[in-house]
Amino acid sequence: MKKLLIGTIVAGVVAIGAACSNNDSPHNSMQGHDPSMEENAGKNSSRQLPLATTTEILSGKEIHLTAKEALLQINDKTKLPVYTYNGSVPGPQIRVKQGDTVKIRLKNELPEPITIHWHGYPVPNSQDGVPGVTMDAIQPGKTFTYEFTATVPGTYWYHSHQESAKQVDKGLYGTLIVEPKNEEKADRDYTLVLDEWMSDPNEENMQMNGMDHSSMGNGNGSEHQHMNTSSISHDMSMYDIFTINGKSSSAVKPLKVKKGEKVRLRLVNAGYMLHQLHLHGHELKIVATDGQPLNDPQPIKDELLNIAPGERYDIEFTANNPGEWLLECHGDRKGTDGMKVKIQYEGEKGSADKANAAEALPVVDMTSYGKQKLGEFTLDQTYDVEYTMNLGTAMGKDGIVYTINGKTYPETAPVHVKKGDLVKVKLVNDSPADLHPMHLHGHFFQVLSKNGKPMTGSPLIKDTLNLKPGEEYVVAFKADNPGNWMFHCHDLHHASAGMVTEVKYKDYKPDYTPNPNDTTNHPE
């Protein structure tokens with residue numbers, strides 16, 4: 001019953017609908033299970049694995065992580081073998097102060113190589129955790145120490161970038177919170193990590209025409225047929241259980257609040273599907289996206305917040321409506337009902353809320369949310385580098401592939417920059433049915449326009465931006481972090497099937513040189 005990477009190709013457009021997830025985890029208590037030894041529920045293994053434990057919160061100058069296998073009890077019916085950091089899914093929340101220099105010592109007790117990538121964080125290039133690009137993958141039994149200074153506050157996450165479509169799928173991720181030096185803290189601070197799982201990855205319909213990515217990295221990236229792609233897409237229907245912090249349905253523990261408290265929810269999408277979340281009974285403000293604060297966010301109520309793979313949104317609300325309320329996913333996917341969490345007032349009576357996941361509600365428009373002010377970049381200023389990134393679907397010799405300007409990695413053309421360059425990138429989603437949440441390593445970018453229309457809300461600073469079919473965005477960033485950096489789709493199935501390029505600094509001389517004979521480094 002392992003959660004595996006299998007992409008099924010089907011005739012006819014498969015809409016990647018809304019999915020969502022929930023589970024509670026206050027600042028000092030991320031829920032889980034007590035460790036114990038149980039029979040492995042996987043069909044192909046008789047080994048015994050421990051049950052996944054409670055997600056802990058780690059801080060301090062040196063943090064120790066161990067990657068190891070466990071069994072995750074997702075709900076009362078489903079128990080899956082998983083990969084973990086420190087025995088939990090999600091792995092530990094690493095919580096540090098702005099300005100701290102932190103060391104993270106990672107030991108690999110898994111049967112295959114791994115890394116850690118600090119998603120969204122502007123670490124030095126040598127610490128970015130991309131095998132074959134910034135480092136060699138950490139072999140079984142080996143240890144590697146990451147070190148960087150926590151300069152930028154906000155909500156981030158970390159995950160393996162070695163065969164990431166598979167290893168992240170199996171649970172190898174956690175969260176990174178960098179607390180600002182001077183900020184009034186919320187009374188309650190919960191982190192909710194969204195994900196999707198397969199209850200039975202051995203079903204026959206998952207074996208047909210699976211995406212074969214074995215040619216990735218072999219220089220065969222441009223042999224595609226760019227015809228008749230309008231009738232194919234990436235089927236995600238095998239993901240039938242949705243979770244928050246590794247739990248679903250009745251296993252999701254309530255979020256406790258008291259009347260009058262300010263509550264912050266840090267929402268992190270570690271999965272491969274779009275999630276639409278609805279907070280019942282309260283006004284909320286979206287105070288940050290991808291860790292970056294929004295300018296003067298206005299209160300909203302009964303609107304859906306779209307969270308794409310790799311994105312983070314911090315929302316805040318005041319607990320001023322006693323009762324029992326839901327934060328739930330909207331949509332009609334098979335696992336949607338399992339992706340909701342109760343918000344319970346302590347010491348107060350009130351009526352119990354009812355789910356309304358099928359109700360049609362407006363979606364928050366982030367292009368006009370918050371108060372407009374002048375950002376660092378504008379559409380009409382002069383840029384040193386301009387790059388157009390057309391994101392497409394094609395048929396390769398082994399099945400469906402995802403392309404950037406008609407090529408698959410490593411044949412894609414890099415974005416060549418020098419330190420100090422101002423860079424403008426136009427992203428266009430030409431795929432007929434697939435979402436493409438594009439993630440840039442090592443930098444934040446400012447979103448300048450959507451479908452030709454300038455932004456009218458708060459400056460939107462992000463590291464991951466979701467493009468629906470037919471959408472076009474223009475973004476800009478400053479080349480201020482020398483290195484070789486990945487720019488790829490964070491539906492990691494799409495990345496492993498080719499949708500990757502790099503931002504490469506012309507004047508950067510890395511300490512790391514990949515060994516051309518090393519066949520164990522697999523960055524996607």
Classify the side-chain pair Ser237/Asp235 by whether it contains a donor and acceptor separated by less than 3.5 Å. yes
Within the side chain of Thr134, is there an N or O that forms a donor-acceptor pair under 3.5 Å with the backbone of Ser126? no
For Glu376, is there any backbone N or O sitting under 3.5 Å from a side-chain donor or acceptor partner on Gln446? yes
Please collect all salt bridge (charged side-chain N to carboxylate O under 4.0 Å, His left out) contacts where either partner lies in residues 462-489, sequence neighbours excluded, each pair once. Asp290-Lys462, Glu311-Lys462, Arg312-Asp463, Lys450-Glu471
Do Thr55 and Gln93 have a side chain donor and acceptor closer than 3.5 Å? no
Whether Asn521 side chain and Asp136 backbone form a donor-acceptor pair below 3.5 Å: no
State yes or no: are the ring centers of Phe487 and His439 separated by less than 6.0 Å? no
Asp491 versus Asp434: any side-chain heavy-atom pair under 4.5 Å? no
Hits for salt bridge (charged side-chain N to carboxylate O under 4.0 Å, His left out) against Glu109, two or more places apart or cross-chain, chain-then-number order -> Lys107
Looking at Tyr402 versus His436, is the centre-to-centre ring distance below 6.0 Å? yes
Between Phe242 and Asp195, is any pair of side-chain heavy atoms under 4.5 Å apart? no
Show every donor-acceptor pair shorter than 3.5 Å between a side-chain atom in residues 144-154 and any protein atom, with sequence neighbours excluded, or say none if there are none.
from: Tyr146; atom 1: OH; to: Ile116; atom 2: N; distance (Å): 2.9
from: Tyr146; atom 1: OH; to: Ile116; atom 2: O; distance (Å): 3.3
from: Thr149; atom 1: OG1; to: Thr101; atom 2: OG1; distance (Å): 3.1

Nearest atoms (heavy-atom pairs only) where Gly246 meets Pro90: N-CD, 4.3 Å
Might you point out which heavy atoms bring Ser431 and Pro469 nearest each other, and give the distance in Å? O-CB, 3.3 Å
Under 3.5 Å donor-acceptor, Glu386 side chain and Lys424 backbone: no
Selection residues 112-135 - residue pairs positive for salt bridge (charged side-chain N to carboxylate O under 4.0 Å, His left out), sequence neighbours left out: Glu112-Lys166
Less than 3.5 Å apart, any donor N or O on the side chain of Thr115 or Gln162 sitting next to an acceptor on the other? no
Closer than 4.0 angstrom, basic N to acidic O: yes or no for Lys418 and Asp507? no
Under 3.5 Å, side chain of Lys247 to main-chain N/O of Gln73, donor-acceptor pair present? yes
Do you see a donor-acceptor pair shorter than 3.5 Å between the side chains of Ser59 and Arg95? no
So CD1 of Ile177 and OG1 of Thr191: to nearest 0.5 Å the spacing works out to 4.5 Å
Is there a side-chain contact between Tyr173 and Val193, using heavy atoms and a 4.5 Å cut-off? yes
Quick one: CD on Glu56 to CG on Asn86, what's the gap to the nearest 0.5 Å? 5.0 Å
Taking side chain as C-beta onward, heavy atoms only, is Thr403 less than 4.5 Å from Thr393? no
In Å, rounded to the nearest 0.5 Å, how long is the span from CG of Leu192 to CG of Leu267? 5.5 Å
Where do Pro414 and Tyr387 come nearest, in terms of heavy atoms and distance? O-CE1, 3.6 Å
Under 3.5 Å: donor-acceptor pair, side chain of Asn451, backbone of Tyr473: no
Quick one: pull up CG in Leu80 and OG in Ser199 and give me the separation to the nearest 0.5 Å. 8.0 Å
Between the CH2 atom in Trp118 and the CH2 atom in Trp157, the distance rounded to the nearest 0.5 Å is 12.5 Å
Regarding Asn125 and Asn481, do their side chains bring together a donor and an acceptor under 3.5 Å, going by distance alone? no
Would you say the side-chain atoms of Tyr121 and Gln127 include a donor-acceptor pair closer than 3.5 Å? no
Contact summary for Ala70 and Thr84, nearest pair of heavy atoms: CB-CG2, 3.8 Å
For Pro437 and Asn466, which heavy atoms make the closest approach, and how far apart are they? N-OD1, 3.5 Å
Does Thr412 use its side chain to pair, donor to acceptor, with the backbone of Val500 at less than 3.5 Å? yes
For residues Ile307 and Asn269, report the shortest heavy-atom separation together with the two atoms involved. O-ND2, 2.9 Å
So Val417 and Lys506, do their side chains get closer than 4.5 Å, heavy atoms only? no
In terms of ring plane angle, is the pair His490 and His119 parallel, tilted or perpendicular, where the classes change at 30° and 60°? perpendicular
Do the ring centers of His161 and His522 come within less than 6.0 Å of each other? no
Examine the side chains of Ser160 and Gln167 and answer whether a donor and an acceptor come within less than 3.5 Å of each other. yes
Output yes when a side-chain donor or acceptor of Asp384 lies under 3.5 Å from a complementary backbone atom of Leu422, and no otherwise. yes
Thr520 side, atom OG1; Ile138 side, atom CD1 - distance, nearest 0.5 Å: 11.5 Å
Under the criterion ring pair (Phe, Tyr, Trp, His ring centres under 6.0 Å), I'd like the reasoning laid out for His488 against His441: C-alpha separation, chi angles, the key distance, then a yes or no. CA-CA 9 Å; His488 66 95; His441 288 208; 5.2 Å; yes
Any side-chain heavy-atom pair from Tyr85 and Leu106 closer than 4.5 angstrom? yes
Test of understanding: with salt bridge (charged side-chain N to carboxylate O under 4.0 Å, His left out), list the residues that count as partners of Lys97, not counting sequence neighbours. Glu179
Close side-chain approach of Trp485 to Val130, heavy-atom, < 4.5 Å: no
Test your reading of the model: is there a side-chain donor-acceptor pair from Asp430 to the backbone of Gly392, 3.5 Å cut-off? no
Partners meeting ring-ring contact (aromatic ring centres under 6.0 Å, His included) with Phe445 (sequence neighbours left out): none
Is a side-chain N or O of Asp100 found less than 3.5 angstrom from the main chain of Val102, in a donor-acceptor match? no
Please name the residue in the list Leu305, Leu465, Leu294 that meets the side-chain contact (heavy atoms from CB on, under 4.5 Å) test with Thr289. Leu294
Pairwise side-chain contact, Tyr239 with Met273, heavy-atom cut-off 4.5 Å (strictly under): yes
